[in-house]
Number of protein chains: 2
Amino acid sequence: MPSAAATETPGPETPGPAPSGRRGRPGYDQQSVLNVAVEVFNRHGYDATSMGILAENLGISKSAIYHHVPSKEDLLALALEQALGGLESVWEAPETKEGTAEHRLEFVVRSTVRVLTERLPFVTLLLRLRGNTETERRALERRRGFDRKVAELIEEAREEGTVRSDIDPRTVSRLLFGTINSIVEWYRPGGSLTPEKLAEDVVAVLFDGLRANS
Amino acid sequence: MPSAAATETPGPETPGPAPSGRRGRPGYDQQSVLNVAVEVFNRHGYDATSMGILAENLGISKSAIYHHVPSKEDLLALALEQALGGLESVWEAPETKEGTAEHRLEFVVRSTVRVLTERLPFVTLLLRLRGNTETERRALERRRGFDRKVAELIEEAREEGTVRSDIDPRTVSRLLFGTINSIVEWYRPGGSLTPEKLAEDVVAVLFDGLRANS
């Protein structure tokens, strides 16, 4: 939410005290514009959100937004980068490169839940994309790339004999992502359920099921 | 999809050969209007769908739609009834009234998946509701009633010692519905995965997990 002190000075002629050559102005840097924009995109839908609605929610003028970012689609691209960058960084950890496929899969599930809780509004935006613009389609292609790597890991664990083989691996992959992705619909950070406990719960339910003593 | 023979005769003056006093006209009965309407609601969103868009997709005039149903919100109510009626009928089966809580919960999960696959577009509509109209809010309240009964059954199975107690029952309930409800996002009837096998897979993954030999 914008501070009450945010002014409606029009136009980007005053670059403000941005220290490092980054675009920015007093009260807002690009990241805080992005945080508000993502929240508004998730509330109204990206297509239905105009720069006017964004400006209203930021409490600044439209031209002040253009000072931070050249277009609505660039805002979307920056927001999606935060989701996709976080998800893709999971694969840089050494835990995804060594050990059994079972352990690597558990690590990826746990890390995905962590990224999802840490970057909740950004991943929510990614999961709700319709694919109407080029930016959306590029993001969906990167998301499919992430999903494919998980599917390959499931396949590997299945061949290794650690993941059950009585279910089509595509169904396993769908149910796994269904469980993980649904978290954005209900998880609220700051409550009694920490991201760490949630990640542990998801791994426990997905790998060992709900049944006691299984 | 409307047949090419559907004509654009305006107005409800020709009641057509509806046999039993039900509203209807040649080529369409209320159920087929509903089937098309739900598909259009799911594609564009309920709010964004006008009676004009519906008429275009049905290949009939707006007044011909009013012959079948008095308003867009009535169409929504009829469509949601098909989803909610199906879900609520799960609890009428004797299997929900006798036996261990574990077996009753398994039965409810299996039956819910079956209703979901049999009435896929209707349940999809229900799961995507925003709650902007009175009809939507009433439907969401009925959906919450269904969810509460499942949550009570989870609680019972936990007390019985058949469902794991190291996870908050609210989290269990959220993950269970996350897994089940995500099916609407990817399941397509008529493929190699039958509704029966899917229901079996969901019960297997939810209760015993992905791990082999668990």
Side-chain angles (χ1 to χ4, degrees), chain A residues 43-45 47-48 101-102 105-106 109 113 127-128 130 147 154 157-188 191-194 197-214, chain B residues 43-45 47-48 101-102 105-106 109 113 127-128 130 147 154 157-188 191-194 197-214:
Chain A
R43 189 147 29 95
H44 295 284
D47 292 331
E102 179 185 22
L105 184 58
E106 277 191 34
V109 168
V113 173
L127 293 177
R128 290 190 188 160
R130 310 291 297 256
D147 291 4
I154 290 171
R158 190 186 158 99
E159 281 162 23
E160 181 186 83
T162 47
V163 156
R164 59 193 306 155
S165 57
D166 58 340
I167 301 179
D168 187 313
R170 286 168 302 179
T171 306
V172 168
S173 176
R174 299 289 202 174
L175 294 176
L176 182 137
F177 280 113
T179 309
I180 294 176
N181 294 343
S182 69
I183 293 170
V184 304
E185 302 299 333
W186 60 271
Y187 184 68
R188 294 296 164 263
S192 59
L193 180 59
T194 64
K197 171 69 170 138
L198 175 62
E200 206 181 292
D201 289 352
V202 171
V203 168
V205 169
L206 272 174
F207 284 86
D208 297 314
L210 296 177
R211 221 184 291 279
N213 312 314
S214 67
Chain B
R43 187 146 31 95
H44 296 285
D47 291 330
E102 180 186 21
L105 184 58
E106 278 191 32
V109 168
V113 173
L127 293 177
R128 291 190 187 158
R130 310 292 297 256
D147 292 3
I154 290 171
R158 191 185 156 99
E159 279 161 25
E160 181 185 82
T162 47
V163 156
R164 58 193 307 155
S165 57
D166 57 339
I167 301 180
D168 187 312
R170 285 168 304 179
T171 306
V172 169
S173 177
R174 297 290 203 175
L175 293 177
L176 182 137
F177 279 114
T179 308
I180 295 176
N181 293 343
S182 69
I183 292 170
V184 304
E185 302 299 334
W186 60 270
Y187 184 69
R188 295 296 164 263
S192 59
L193 180 59
T194 64
K197 171 69 171 138
L198 175 62
E200 205 182 292
D201 289 352
V202 171
V203 168
V205 169
L206 272 174
F207 284 86
D208 297 314
L210 296 177
R211 222 184 290 279
N213 312 314
S214 66

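Protein chains get the first letters and strands the later ones, always in sequence-line order, with residue 1 at the start of each.
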For the pair A:S173 (side chain) and A:P169 (backbone), establish whether a donor and an acceptor sit closer than 3.5 Å, ignoring hydrogens and angles. no
With a 3.5 Å distance limit and no angle check, can you tell me whether B:E160 reaches the backbone of B:A101 through a side-chain donor-acceptor pair? yes
Nearest heavy-atom contact between A:Y187 and A:L193 is OH-O, 2.7 Å
Tell me, for A:A157 versus chain B, whether the close heavy atoms (under 4.5 Å) come from the side chain, the backbone, both or neither. neither
Most contact-rich option vs chain B, by heavy-atom pairs under 4.5 angstrom, among A:V172, A:D201, A:L198, A:T179, is A:D201
Checking A:R164 side chain against B:G209 main chain: does a donor-acceptor pair fall under 3.5 Å? yes
What part of A:I167 gets within 4.5 angstrom of chain B, counting heavy atoms only: side chain, backbone, both, or neither? both
Would you check if the side chain of B:E185 reaches a backbone N or O of A:G178 as a donor-acceptor pair within less than 3.5 Å? no
Please report the closest heavy-atom contact between B:R43 and A:R130, naming both atoms and the distance. O-NH2, 2.9 Å
Which bit of A:D166 is near chain B, if near means a heavy-atom gap under 4.5 Å: side chain, backbone, both or neither? backbone
Does any backbone or side-chain atom of B:A48 lie under 4.5 Å from a heavy atom of chain A? Answer side chain, backbone, both or neither. neither
Given a strict heavy-atom distance threshold of 4.5 Å, which part of A:I154 is in contact with chain B: side chain, backbone, both, or neither? neither
Pick one of side chain, backbone, both or neither for A:R158, based on which atoms fall under 4.5 Å of a heavy atom in chain B. neither
If I measure from the heavy atoms of chain B, does A:E106 come under 4.5 Å with its side chain, its backbone, both, or neither? side chain
With a 4.5 angstrom heavy-atom cut-off, is it the side chain or the backbone of A:E200 that approaches chain B, or both, or neither? neither
Any chance you could lay out the side-chain contact (heavy atoms from CB on, under 4.5 Å) test for A:L206 and A:V109, step after step, and finish with the verdict? CA-CA 9 Å; A:L206 272 174; A:V109 168; 4.0 Å; yes
